[in-house]
Each structure stands twice: as C-alpha cells, then as structure tokens.
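A short worksheet on the structure shown next.
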Amino acid sequence: MFIHSPSYFAQSSTSIFSPAGTPSHWIFTLSMFVLSITGLIFLIVAGLLTYALIRYRHRNLLTYNEPTQIYGSNQIELAWTVIPALIVVMLFLTTSRVILATQDAKKPADAVDVVVVGHQFWWEYRYPKLGIVTANELHVPVSDPAHPTPTYLEMSSADLDHSFWVPRLAGKMDLIPNRVNTMWIDPEKPGLYLGQCAQYCGVQHAKMLLRVYADTPKEFAAWVTQQQKPAVEDPAVAEGRDVFLHNACVNCHTVTGTPANGRFGPDLTHLASRDTIASGAVVNNPENLKKWIDNPDTFKPGALMPPMHLNDHDLNAITAYLTTLH
C-alpha cells in the first residue's frame, strides 16, 4: 500500500478522503460541500429540538397550558417550504455541474484507451492501441497537469452487472451486458490504488478486487514493451508447457505463441509479471499458484474455474511453466 501523507485517511488505500485524481478531487469537493450543508441543517434542527426539550419540558400538571398554536401561519409555512426547496435546487445544480464536467471533459489526443470487461469474478483489460490483453492489474501512466495523459476506460460486462470503483481515482461506473459505459482516470502520483467491484455479482463478489498501478511515463513504457512480447519459451519447463497445452487449460486461457487461445479466463501470457492471482485475492507465488491450479476453491469458493486435480508430477510441472511467463 502506498502512503502519500501522514494523515490517517491517506493511509486507507480506499479512502474517498484522500483523492489522487481530477474526478476524485471534484467528487471530494462536492461531498464536503454537501456534508457542510447537511451538517448545518442537522445542527440547527438538533439545536432547536434540544432547546425545546429543555425550555418547555413539562414541570407541573397544575400549571400546564397548551403551547401557542402556529397552524396556518403563512410566514412559517412559507419559510419551511421555500428554504428546503432552495437547498435542494442548490445541491442539484452543484451535483449536475460535477457530473457534466466529468462526462464532457475533452479527451486529449495522447490519452490511453483501455477496454474493461467484467467477468465473474475477475477483470479483463484490453489496450487496443497497444495490442495488449491482461487481467486484474490495470497499469496506467501518471497524468502530469502540464501534459495531461488521462486513461479512458470503455466498460462492459461479459455476464451480469458489475461496478468499477477505485475511490481515490474516480467515482463508480457500472458494467452492464450489451452496453458500453465510459469513464476516465488521471492519477496524479505514482503508486498502487485499490478498489472493488461495487455491484453484487455472485458468491465471490467480495473478492473481485481492483488494483490500479499508476506508473511514471518511463515505467509505463517499460511495462508496455514487456507486455507486447510473446510468451517466454524456456526449454527448462517444456514439460510443463506440454502439460498445460494438453489439458483443459487451453479451453479458457490464452498464452500467445501457443495453441492456447481460450477467452473464458484471464490471459496468462505474462502471468508471472503480476503481483497477485485470483483478482487480487492472493499473492502470486509458486505455492499459491500451485494450490490455485489444483483447486481454486482453496482461496475463492465459488470461482468458476474448475479444479484440475492433476497428479503431483504434472501439477509441479505446470506450476513451474507458469512461473516463467513474465
């Protein structure tokens, strides 16, 4: 987790109180404005209620009198109708302004385009201009205000509704089958930004996690170069490659340069370059990868990947092969 300031909220990697991009700054400012207005209303109402409870509390039944009746007072009824209406209109206009500013922001010519596809229960990322397909870990460049390089995300779903939410970078955006929604992010600092699918999508919704890596221009260029390379072919793990290609793995996964061209599961061409597996739920190391291949329910009960249950020899061989796919 990257910590950008010593404050408590900045240490929370999914805190809306530590914005790190233009849309999130706008949302934070709007949130603070709305909180100020509603907080003031609460203080006034609570203060008047407290005053009434203390000042007019019932003391003696013998001296009890009906309070002054104000029903039909045009001044009071006009005040508590007009003032709330003005407040609602003000909040509506300020919210609309932020929504329109976010949606109508001009797209720079050098913006990065990413197609995001939500699956149960993982994320697919395609970079059409760069010829890259990856999964679960989104890499984007840091956007310098002097030379803005935002990342535009075209989102859809392969199955049912999902919701893309990285609180420190932008608001939520739903991914809906047969519909394309668009949002943009422009991280202002390098680092790792965490998020979550914010729409219940099944038993492993809670582990459909988001990891957005904001890279410096040099780091992003290096990542692109590495991702554009074909899969590594290491003769030392040729046996594991054969095991992979002769099992059901090829029906769901792609490894460029091999007959494996499945589309139901994540692209594994550069699996070993990722920090996590299972959509951010588990650290990517040989031990966890081996358990995941053998039975995904070990880490993610209800995941749609079937258990392979290979014998120990084949399981070790295929794990050794996958760990070479940098």
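If you're wondering where the values come from, they're calculated on a predicted model, not measured in any experiment. As a basis for the values below, the full set of heavy atoms in this structure was taken, side chains included, without hydrogen atoms, waters or symmetry mates.
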Distance (rounded to the nearest 0.5 Å) between T81 OG1 and N74 CG: 10.5 Å

When you compare the side chains of S15 and R168, does any donor N or O come within less than 3.5 Å of an acceptor on the partner? no

Quick check on the hydrophobic clustering: are L30 and I16 connected, directly or via other members, by side-chain heavy-atom contacts under 4.5 Å? no

To which residues is V282 joined in a hydrophobic cluster, defined by side-chain heavy-atom contacts under 4.5 Å among Ile, Leu, Val, Met, Phe, Trp and Tyr, whether direct or through other members? V237, V243, F244, L245, V250, V255, L268, L271, I277, L289, W292, I293, F299, M305, M308, L310, L315, I318, Y321, L322, L325

In terms of side-chain geometry, is the basic nitrogen of K107 or D113 positioned less than 4.0 Å from the acidic oxygen of its partner? yes

Could you state whether F33 and I87 fall into the same hydrophobic cluster, counting links through intermediate Ile, Leu, Val, Met, Phe, Trp or Tyr residues with side-chain heavy atoms under 4.5 angstrom apart? yes

Using side chain to side chain contact (heavy atoms under 4.5 Å, CB included), reason through H326 and K229 one step at a time and then give a plain yes or no. CA-CA 9 Å; H326 290 281; K229 294 178 180 179; over 6 Å; no

When rounded to the nearest 0.5 Å, the distance separating CE of M183 from NZ of K172 is 12.0 Å

Side-chain touch Y152/T182, heavy atoms, less than 4.5 angstrom: yes

I would like to know whether Q227 and S273 meet side chain to side chain contact (heavy atoms under 4.5 Å, CB included); could you show each step before the answer? CA-CA 9 Å; Q227 293 290 313; S273 68; 3.3 Å; yes

Check the pair D275 / N284 against side chain to side chain contact (heavy atoms under 4.5 Å, CB included), numbers first and verdict last. CA-CA 5 Å; D275 292 334; N284 186 7; 5.8 Å; no

Parallel, tilted or perpendicular: which one describes the rings of Y125 and F164, with boundaries at 30° and 60°? perpendicular

Who else is in the cluster with L78 when I, L, V, M, F, W and Y are joined by side-chain contacts under 4.5 Å? V82, L86

Side-chain heavy atoms nearer than 4.5 Å, only ILVMFWY residues, links allowed to pass through others: does that put W122 and V116 together? no

Which atom of V232 lies closest to which atom of T324, heavy atoms considered: CB-O, 3.5 Å

Do V140 and L130 belong together in a cluster built from hydrophobic side chains that touch within less than 4.5 Å? yes

Which atom of P148 lies closest to which atom of D110, heavy atoms considered: O-OD1, 3.6 Å

Same cluster or not: are L40 and L48 linked, directly or through other Ile, Leu, Val, Met, Phe, Trp or Tyr residues, by side-chain heavy atoms under 4.5 angstrom apart? yes

For the residue pair S163 and D174, confirm or rule out a side-chain donor-acceptor distance under 3.5 Å. yes

Set out, in order, the CA-CA distance, both residues' side-chain angles and the distance that settles side chain to side chain contact (heavy atoms under 4.5 Å, CB included) for R274 and T134, then state yes or no. CA-CA 10 Å; R274 300 169 195 160; T134 185; 3.5 Å; yes

Should we count CD of E154 as having more than 12 external heavy atoms under 6.0 Å? no

What class does the angle between the rings of Y213 and H139 fall in, given that below 30° is parallel, 30 to 60° is tilted and above 60° is perpendicular? parallel

